[in-house]
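In what follows, every heavy atom counts, from backbone to side chain, and hydrogens, waters and symmetry copies are set aside. If you're wondering where the values come from, they're calculated on a predicted model, not measured in any experiment.
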Amino acid sequence: MKELPLKDGCYRTDPGAVFSRDLATLMFYPTMAAVVCHGSFLARYAARFYGHPGVCMSSMGVFVGLEAAGVRFDISGLDNVMNLTGPCVIIGNHMSVLETLTMPAIIGAYKDITFVIKKELATYPVFRYLLMSMNPIVVNRTNPREDLTAVLTQGSAILAEGRSLVIFPQSSRSVTFDPKVFNTIGIKLALRANVPVIPLAIKTDVWGNGKRIKDFGPIDPAKTAYFAFGQPMYIKDRGIQQHQLIIEFITEKLKQWQLSVSS
């Protein structure tokens, strides 16, 4: 399985040409369509041969396609994932569909992962076969109690199998981070399963929202896609302290990245 070339647990795209947003968008989506269609075909008709390696291969295709369109990645803290033995719950903010499509390429060589996803993603034509091949937890986000039960029950089983779970505990994606709507569902799952959590800060507004289909908007290569993985933490008591530490980690990283953009 292909790994990103890391230096001290970090990956940064080599500086290259920066295209206009329109050109980058036109370059990227045909590549993405080809990757997703190929992966979805294999996931649907050759599922036993696809699995986690196939998902990571498709995800790497999207990752490389973004870089080819001029998108630069800045990924740090991957050693926190690499050096962790056993499964974990990765808890992060959610900004665009980019993180869902590229996370298997970023950490799939070290962890077999799946996601908690919204029901709409599980019903997209073609796209759904690729996503559902990961056996994700599908939630409606209309009934918090039902969602919590699904995540705790299915999530515990996933973690017991040795697989890790990525959770974006927000009601919807947002380019701004609001701790008030950042719930503790991932903390509750990690406590129940007795596994560590890894904080994840994300800034992926390089992939904008679409006018007709929210998940497929313009690509802006003038921006950088940032990922930062924090140190693993085990949940103590009710996890209030760990939840606050995750919020602080995300808030601080977003501030740092915003300052680097402004300077």
Can you tell me how far apart [atom1] ([X]) and [atom2] ([Y]) are? Round to the nearest 0.5 Å.
X      : Y      : atom1 : atom2 : value
Leu130 : Ser59  : CG    : OG    : 9.0 Å
Ile75  : Leu6   : CD1   : CG    : 8.0 Å
Ile90  : Glu99  : CD1   : CD    : 12.5 Å
Thr114 : Met103 : OG1   : CE    : 11.0 Å
Leu152 : Ile185 : CG    : CD1   : 6.5 Å
Ser20  : Leu23  : OG    : CG    : 4.5 Å

Side chains of [X] and [Y]: does their closest heavy-atom pair fall under 4.5 Å?
X      : Y      : answer
Leu78  : Ile106 : yes
Glu67  : Val62  : no
Ile91  : Leu200 : no
Thr204 : Tyr226 : no
Val166 : Val116 : no
Leu254 : Gln258 : no
Arg12  : Cys10  : yes
Leu84  : Pro196 : yes

Please report the closest heavy-atom contact between [X] and [Y], naming both atoms and the distance.
X      : Y      : value
Ala228 : Trp257 : CB-CZ2, 3.7 Å
Pro104 : Met134 : CG-CE, 4.1 Å
Pro169 : Gly92  : CD-O, 3.3 Å
Ala225 : Val206 : CB-CG1, 4.0 Å
Met233 : Leu245 : SD-CD1, 3.8 Å
Asp112 : His52  : OD1-ND1, 3.3 Å

Donor-acceptor contact below 3.5 Å, side chain [X] vs main chain [Y]:
X      : Y      : value
Ser40  : Cys37  : no
Thr25  : Pro218 : no
Asp79  : Met82  : no
His94  : Val175 : no
Glu161 : Arg163 : no
Lys188 : Leu148 : no
Asp178 : Lys180 : yes
Thr184 : Ile187 : no

Practice item. Scan side-chain atoms only and decide if Asn209 and Arg173 contain a donor-acceptor pair under the 3.5 Å cut-off. Key: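 Looking only at side-chain atoms, Arg173 and Asn209 do form a donor-acceptor pair, the distance falling under 3.5 Å.
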
Practice item. Would you please say whether a donor-acceptor pair under 3.5 Å links the side chains of Tyr50 and Ser58? Key: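 Yes.
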
Practice item. Return the orientation label for the Phe73 and Phe63 ring planes: parallel under 30°, perpendicular over 60°, tilted otherwise. Key: parallel

Practice item. Could you check whether the rings of Phe227 and Phe229 sit parallel, tilted or perpendicular, using 30° and 60° as the cut-offs? Key: parallel

Practice item. Look at atom CD of Glu248 and say whether more than 12 heavy atoms of other residues, nucleotides or ligands are closer to it than 6.0 Å. Key: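 Yes, CD of Glu248 has more than 12 neighbouring heavy atoms, counting only those of other groups under 6.0 Å.
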
Check your understanding: With the threshold set at 4.0 Å, does a side-chain nitrogen-carboxylate oxygen contact exist between Asp205 and Lys203?
Key -> yes

Practice item. Check whether the ring centres of Phe28 and Trp207 lie less than 6.0 Å apart, and answer yes or no. Key: yes

